[in-house]
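Comments concern the structure below.
Treat the numbers as computed from the prediction; the structure is a model and nothing was measured. In the text below, chain A, chain B and the rest are named by the order of the sequence lines, each starting its count at 1.
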Amino acid sequence: AGGGSPQPTATATTSDDGPVSGGVLVQTLPNDPGTLDMAVSTLQVTQTMGSNVFESLFALDKAFQPQPMLVDSVEMSDDRTVYTLGLRGGVTFHDGSELDSGDVAASLERFFTVSPSGAGVAADVVSVEAPDPLTVVITLAQPRHSLLGELAASAALILPEEIATAAGANPLTGAQTIGTGPYQLGQYQTGQSVTLERFDEYSARAEGDWGGQAGMKHAYLDGIEFRFVAEDSTVVNGLTTGQWQMSAPSNDQYSVLQANPNITLTPIAGGVVNTVILNHHPDSAFADVEARRALNLVINKEDMAAVSGTAPDLLTMTGAFQAPENAPLFSEAGTDVYESYDPERAKEQFATAGVDTIRMLVPSNFPQMVAWGNVLQQELTDIGLTVEIESYDLTTVRAKATDEPGSWDLSLTFISGTVVAPPLINWLQQKYIGGYQNDELDELFAEYAAAEDASAAKQVVDRIQQLVWDDIPSIVLYGSKQYVALDKSVKGFDGNFMLALYNTWLDAS
Amino acid sequence: MLGLILRRLRDLAIVLVLVGTAIFFIVRVIPGDAALAVAGDQATPEQVEAIREAMGLNVPLWQQYVTWFGQLLVGDFGTSTSFHTPVAPIILSHLLPTVTLALAATVLSIAITVPLSIGVALYPRNWLWRTVNRFTAVGIAVPEFWLALLLVTVFAVTFGAVPVSGWVNPFVDPAAGIPHLILPIVVLMVGQISTFALMLRDNLIGEMLQPYLRTARAKGARERRVFYRHALPNALLPAVTVVGNNLGTLLGGIVVLETIFVIPGLGSLLFQAVSTRDYAIIQGATIVIAIIFVVLNFIVDLIYLLLDPRVRVS
Amino acid sequence: MSALLRVTDFTVEVETDNGRLALAEEVGFAVRRGETLCIAGESGSGKSVTVLSIARLLEFTAPIRLSGSATLDGIDLVAQDQLEMSRLRGARIGVVFQEAMEALNPTMRIGAQLLEAFRLHAHPRRGVGRAELDRAGRAKALSLLTEVGMADPEAVMTQYPHQLSGGMQQRVMIAMALVGDPDLLIADEPTTALDVTVQAEILRLLRRLQRQRDMACVLITHDLGIAAEMADRIAVMYAGEIIESGPVEQMLRRPQHPYTKALLECVPRPGVRVAGRLRTIPGAVPAPGAKPPGDRFAPRNALATERCHTEPPPVLVDGDHMVRSWAPVTEWTPELVERLTGPEESPVDAARRAPGDAFLVLEHVNKTYARNARRQTTRADRRGAADVSVTRAVMDLSLTIRRGELFGVVGETGSGKSTLGRLMLDLEKPDPGSRIRLGEIEYGRRRRRRAELELRREIQAVFQDPHGSIDPRQTVAQAITEPMRQLLPIGRAERGRRVLELLDAVGLPATTARKYASELSGGQRQRVAIARAIAATPKLIVADEPTSALDVSVQGQIVNLLLELQRELDLTYVLITHNLSLITSIADRVGVMQGGRLLEVADAETLLRSPGHEYTRRLLESNPDPFAPRP
Amino acid sequence: MLAWLRRLWRRDREFVVWLAVLLLLLLVVVIGPSLLPSAYVQSPGERLQGPSGTHLLGTDGYGRDVLARVVEAGRTSLLIALVIAALATVLGSVIGLVSGFYAKSASVLMRAMDALMAFPGIVLSIALVAAIGTGALSEIVALSVVFTPYMARISRSRALHLAGRGYVLAARSAGVSGPRILLTHILPNALPTILVQSLLIFAAALLLDGTLSFLGMGVQPPTPTWGNMIAEARPYLSIAPTFVVAPGLAIVLAVVTLNAISAGLRSIVDPRARALASMFVMRRERRAPRRA
Ligand SMILES: Nc1ncnc2c1ncn2[C@@H]1O[C@H](COP(=O)(O)OP(=O)(O)OP(=O)(O)O)[C@@H](O)[C@H]1O
Ligand SMILES: Nc1ncnc2c1ncn2[C@@H]1O[C@H](COP(=O)(O)OP(=O)(O)OP(=O)(O)O)[C@@H](O)[C@H]1O
Ligand SMILES: [Mg+2]
Ligand SMILES: [Mg+2]
């Protein structure tokens with residue numbers, strides 16, 4: 001039987017301002033990924049739910065730096081190719097078994113094969129060994145600057161060994177959803193709701209000031225219920241009438257909700273990078289760099305931002321491929337190109353490139369993408385191009401883009417502004433639907449991997465960013481922050497970019 | 001009579017096989033599959049292929065068809081790629097809200113329509129007649145989803161009289177469950193009542209012209225008796241089939257309303273399954289909807305057969 | 001002796017969009033207990049409207065206004081409110097309607113319907129409980145059912161109307177009318193839809209009951225033969241007026257109104273062989289809105305004077321007899337009759353048409369239908385009826401039609417007459433093993449279109465229903481052109497000319513060509529159908545009940561036309577009908593059908609004189625004939 | 001024409017009024033866009049403004065004029081529904097008339113029609129649209145498939161009825177070939193029924209188009225339809241209610257009009273229906289009888 005609209009009832013009896021224990025928080029998610037498996041499913045909704053349940057060896061702190069999570073100690077060999085990780089003792093899985101190095105090895109193995117980011121790491125990994133129950137040794141073929149960050153990825157989640165082997169490339173089922181996080185899976189009612197329960201044997205870290213996903217986690221809530229509600233207006237209506245306490249409504253609702261005294265709006269750390277994906281297939285209009293530059297010139301990024309409905313305080317009008325808060329990867333190189341806007345010249349350049357028709361694949365699930373598509377269509381039509389729009393749900397767009405690679409010229413997306421290494425930006429990968437390939441970029445990636453320290457790495461990042469605005473593999477429209485709307489009873493939520501709910505509590509008053 | 005039922009059952013089976021086959025192939029034509037749906041935007045083709053293989057989606061189409069149909073015959077709808085469990089119980093668990101809505105809306109609509117139409121047929125051209133006529137004309141024309149949006153805004157959001165959305169099993173927890181049902185049922189009833197009232201009114205007026213009523217009057221029956229004892233039952237009889245004929249519209253309305261009111265019924269299951277490309281569920285849910293539709297129609301016909309001696313005894 | 005029902009100056013008007021319309025005017029008559037009054041007249045003359053208004057039944061379904069008076073035993077029915085009327089109906093007035101099938105509630109058992117009639121007037125008195133009342137009602141119902149001749153009344157009580165045959169339904173109707181032991185029985189064409197044999201039984205039943213119960217009876221009929229058998233008095237209605245009424249003897253033997261006389265003359269006399277033409281009345285009954293100003297019958301009356309056309313005639317009463325006319329005819333001479341109804345050529349011997357050689361030959365023809373196939377459009381059948389039993393519409397029938405003859409087919413409803421006609425026309429495929437041949441053309445063998453057209457050039461059809469026989473979306477010219485376009489090698493202009501010729505041949509003005517079926521009367525439509533049938537100069541015409549939907553006066557016109565055309569065009573006819581008088585008076589040979597079988601074939605005289613089959617004899621006996629000696 | 005209208009007016013005022021409404025609707029939809037601001041030109045600076053002098057119904061999320069879009073949407077929706085109705089009518093009546101006239105030979109087709117009718121319309125159209133993709137063309141194909149069986153069923157029963165009429169038999173005896181009879185007798189006489197039904201389908205298609213577009217499976221933005229406008233407007237229901245209300249009212253008006261015209265037509269075609277409509281039924285029994 002369904003859960004109805006349980007009014008959060010704080011059972012604890014502590015003081016007015018401090019955290020209180022108890023209550024069930026209801027959060028809405030737009031759709032059900034069918035699994036909490038963050039290794040297989042890269043969807044945002046999967047991360048939101050899974051981050052309460054699973055943990056990785058490392059975790060990103062509020063500055064997007066990797067910090068140890070399940071490990072206690074990290075030793076790196078001088079040639080930066082052998083990492084010896086000492087695991088934290090006394091960590092138990094939700095099924096009661098204790099974490100050991102075998103679990104880690106098996107989980108990493110799975111991470112390497114199933115996860116997109118894992119595959120990148122795997123290329124450099126020679127071996128993962130477990131010499132004793134609390135030690136894991138990772139041997140690399142060459143130095144890899146981003147390794148710890150990559151191991152901090154949610155996809156590198158740690159599972160019990162049997163489950164990791166059994167699941168393979170399959171998404172984890174409900175019964176296999178066994179992690180080490182502060183919450184464990186209660187009930188998975190596919191399509192309707194997922195309930196998490198507090199995991200009482202959770203062993204928390206002591207560091208309370210790391211922020212982000214790292215450090216101490218405390219499960220104040222008795223439980224969390226994720227309710228799948230697709231319709232934006234339903235989401236807002238439910239929020240205002242107290243049916244649920246936490247949602248991520250569309251941009252347009254921001255100002256409406258802001259006016260509601262019962263609701264707090266919290267920006268999410270990090271942010272997203274809104275991008276026009278260009279197809280580099282030979283049959284595409286954008287196989288020619290001239291056409292790509294022309295497109296950049298014709299796009300009025302301000303209009304794009306405006307039409308998305310994003311509130312001004314959530315906007316960052318930069319062309320960087322990562323969010324400003326993700327300091328290690330944020331670069332302002334090439335801003336002049338980003339800021340240039342000249343439809344007349346664009347028209348000429350399109351003409352020289354011999355482009356007169358643009359075929360757009362627009363994902364219909366996201367209102368802002370539909371909006372960008374519409375504005376883009378108008379801008380292109382205004383300079384005399386023919387625009388053909390096809391609009392499908394995201395899955396279909398992906399299928400079309402992959403199955404008929406020459407049938408489209410551009411599509412739209414937004415990516416996380418908080419990845420840990422440039423090669424993880426999907427539209428820079430050759431395997432991505434855009435099929436972008438650039439030897440210079442590959443060399444830069446290699447240089448990045450080999451970077452000795454953060455400042456060396458940052459320099460490479462700047463060069464990559466510059467290349468991005470020179471060769472334009474895709475066009476960054478602008479950066480923005482997402483926000484969540486919280487009922488005023490929700491306290492302690494720090495706006496972490498996974499929307500993880502540990503350290504959050506419900507205030508009954 | 002029995003033979004008639006058997007023949008109808010045979011026709012029903014043929015139709016359902018056609019329905020099943022049609023939906024199997026329609027579903028396969030939808031671009032993208034479950035692997036792509038679960039992998040998300042960041043996955044590379046290799047990873048998608050790996051997931052596809054793990055899910056058993058790379059078997060040839062005809063083989064999938066044969067397997068699926070074979071299993072279907074023994075009541076096995078296959079295994080969901082998003083639930084990782086057999087489809088039949090999933091569908092079963094989503095049946096309750098859909099059926100509850102359908103039945104409640106139908107029963108309530110009939111309960112309102114019958115006295116209303118009687119009033120209209122008895123006293124034509126008065127205010128009631130005009131009001132009902134206008135209501136039915138508009139009621140048939142109102143898109144459910146739109147009406148639902150407006151009613152939610154007015155009654156749920158502004159007045160907070162009823163919940164905005166959601167579902168609580170009203171058989172387990174009536175106090176919480178029934179308020180959740182009010183808006184969707186009201187929306188469904190608007191269409192239902194309009195359709196029924198229109199049909200019933202026409203039937204009644206048509207029946208009022210029948211010669212056998214003159215016979216009743218010639219026997220000395222008063223108008224009240226002529227109406228309630230003769231015209232009304234005979235007008236209600238064929239109206240039974242209207243309930244069946246209208247079932248398609250009703251189910252269609254429920255499918256849409258389930259998404260608006262976040263009701264975990266067959267409709268939202270279907271939508272969910274389309275977005276996750278869960279073939280087994282799409283097929284199962286569609287077939288079950290078709291079965292509900294066809295079987296209920298069959299039952300309605302059967303009731304009609306049983307009630308109407310003109311057809312029953314022949 | 002005072003009358004039970006006395007109707008005076010009774011006028012019925014209906015409100016229409018174009019104002020009031022009189023349907024019956026200044027009707028007056030009286031019926032005594034034990035007496036039967038027959039109201040006769042052609043269709044649309046206002047018979048039903050009059051009597052149903054007397055019972056005050058019409059106003060429920062039409063906006064009716066009444067004036068004048070109709071007193072039943074001193075109670076003025078016109079002045080009563082309906083509440084009072086509902087006490088009178090059923091108790092003092094019983095009504096029997098025309099289509100019993102439609103007049104019975106289809107979803108109530110016969111028993112329940114009879115009981116209802118009983119309960120409506122048997123009020124529980126002190127000491128008599130409800131149960132007792134019901135028992136009494138049941139007993140009464142059973143005895144009445146027995147009285148109307150039901151073999152197994154118990155079983156009938158539990159049945160539904162559609163399970164009974166038409167005759168049984170009508171008996172139930174009669175029983176129902178009698179439940180309240182009424183003083184007055186109104187019967188509106190109670191036998192019109194029935195076969196003659198059944199009709200005879202029902203009429204006998206009515207007569208018996210009326211005598212036994214000493215009821216006053218008003219019987220409506222359009223068949224003077226029935227009136228002759230049933231009536232003590234006859235009233236003839238025309239265009240909303242009673243134009244003559246009087247005792248039956250006088251009305252049949254010495255009518256004074258030309259219309260009454262003409263109506264009688266139009267009825268074909270069984271056994272009197274007509275070779276030339278039937279007597280007819282020219283023109284047709286006027287519609288309620290289009291009544292002529294003077295004597296309503298004047299426009300069709302060759303004897304009418306100037307005055308008849310302009311001034312309404314006076315009512316002349318002479319004792320029991322009433323006539324509404326300027327010039328009642330007391331002495332009918334053959335010349336007068338001839339002027340009124342056209343010349344009747346002297347009866348010629350049947351042998352006048354020498355039998356030709358065999359033309360249409362049917363050998364062992366069978367036709368089987370899956371039952372219910374015909375009702376495919378009803379809901380129940382769409383859902384698939386299980387009853388796979390079959391109807392054998394035509395059984396092992398062998399028959400030869402000779403060139404130049406007029407072959408008549410008679411038989412009761414469902415005997416397979418129409419099926420036979422369709423088989424002859426090759427519109428229906430006979431069962432395997434059957435052989436039909438027209439001249440050299442074998443029916444089953446023809447595959448090619450040329451052969452098909454060859455057959456069609458030989459044989460054509462005229463169908464019964466005048467409403468359905470012409471496509472409502474076609475002009476008369478188009479309808480007539482259709483067979484020519486298919487079958488004759490002539491051009492457009494030629495066809496146009498021929499349309500006019502044909503219209504002329506069937507007695508229609510050339511202006512008809514541009515009209516649509518809806519603008520024509522039933523008789524005119526049948527003329528068009530005939531024109532279409534002869535358009536492609538066929539040799540054989542199969543006419544399926546060409547006149548049965550028409551009034552007697554018009555029936556004669558159509559039959560005359562057919563006969564005339566036969567003479568001129570050298571046609572062979574197969575004429576299907578259930579009208580025995582008609583067919584025996586015009587056919588060379590007659591075939592009698594029953595239950596799909598051809599019982600006997602004989603020439604008309606032989607058939608009348610010495611019927612070869614028991615069934616034929618019964619048919620002949622049941623045939624109502626106004627000229628037969630009164631019992 | 002004028003005389004005909006006058007006659008019609010006297011017979012059935014309401015029908016004439018609805019006809020006028022339909023004409024007006026069509027007129028607005030045809031010439032409206034040229035009088036109003038563009039339905040497409042975006043001005044992100046003027047998003048979501050309330051009704052004003054320049055924008056009678058306000059602006060939408062792209063700063064486009066809502067009134068202009070409602071009118072433009074009417075153009076799309078009406079056209080699509082019209083094409084669907086036309087296709088379903090042609091297909092359905094061909095199937096129905098043929099299988100009704102050649103009663104025995106064509107039951108296979110009707111079985112297929114039954115199978116199609118076993119899906120609730122919306123479910124079938126969702127499945128079909130999902131399979132063949134979104135867009136005007138797919139929607140037209142899908143909805144035509146949905147509505148064809150209804151037309152087939154009606155015209156089939158009509159053809160069955162007509163096949164037994166005397167003039168059809170007469171035509172057959174006159175040697176007119178089957179197809180020609182279908183064309184010259186059955187079709188013209190079934191036409192009124194078909195027309196009445198096709199108007200109903202027109203209305204139903206309009207509703208279903210609304211629903212499909214609302215679910216994002218119909219014509220895709222920026223081309224407006226009434227349904228996708230409502231979908232687009234949903235998030236703004238509390239900010240800009242006219243944006244949701246206007247297209248919905250437009251659907252209701254159009255559907256009511258079409259249904260009314262269909263009903264009026266039916267009463268003209270089938271006089272019985274008219275008699276029913278003007279019937280008066282139960283009378284007071286305690287009233288003195290009316291005397292002339
Ligand atoms: N409600 C009505 N409104 C207008 N005209 C009517 C109405 N009822 C009957 N009539 C007309 O009144 C005339 C007389 O009808 P009526 O039924 O009495 O004829 P009838 O003599 O019984 O003929 P039939 O032999 O066909 O039964 C007909 O022309 C008929 O069309
Ligand atoms: N198309 C058909 N399908 C099924 N049964 C039919 C069909 N046509 C006729 N019958 C049946 O065949 C039998 C003979 O019918 P037919 O119409 O030939 O009789 P009829 O003598 O012309 O009767 P009527 O005098 O009523 O016209 C009837 O029982 C009828 O129900
Ligand atoms: Mg009559
Ligand atoms: Mg017949």
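When side chains are defined from C-beta on, B:E207 counts as touching B:Y212, because their heavy atoms get closer than 4.5 Å.
When each of B:P211, B:G220, B:A216 is checked for heavy-atom pairs under 4.5 Å with chain C, B:G220 comes out on top. For the options C:Q113, C:M85, C:M101, C:Q98, heavy-atom pairs under 4.5 Å to chain B are most numerous at C:Q113. Among C:R89, C:M108, C:Q159, the residue making the largest number of heavy-atom pairs under 4.5 Å with chain B is C:R89.
The cationic atom of B:R217 (NZ for Lys, CZ for Arg) lies less than 6.0 Å from the six-membered ring centre of C:F60 and within 45° of the ring axis.
Only the side chain of C:L52 comes within contact range of chain B, with heavy atoms under 4.5 Å apart. Using a 4.5 Å cut-off between heavy atoms, C:A103 touches chain B through backbone and side chain atoms alike. For a residue to count as touching a neighbouring chain, one of its non-hydrogen atoms must lie under 4.5 Å from one of that chain's; by this rule C:M173 touches chain B with the side chain only.
B:T98 contributes a side-chain N or O that, together with a main-chain N or O of B:L266, makes up a donor-acceptor pair within less than 3.5 Å.
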- Task: Applying salt bridge (charged side-chain N to carboxylate O under 4.0 Å, His left out), run through C:E154 and C:R138 and close with a yes or a no.
- Result: CA-CA 10 Å; C:E154 291 276 358; C:R138 227 186 111 69; 3.0 Å; yes
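A salt bridge links C:R213 to C:E147: one of the charged nitrogens lies within less than 4.0 Å of a carboxylate oxygen.
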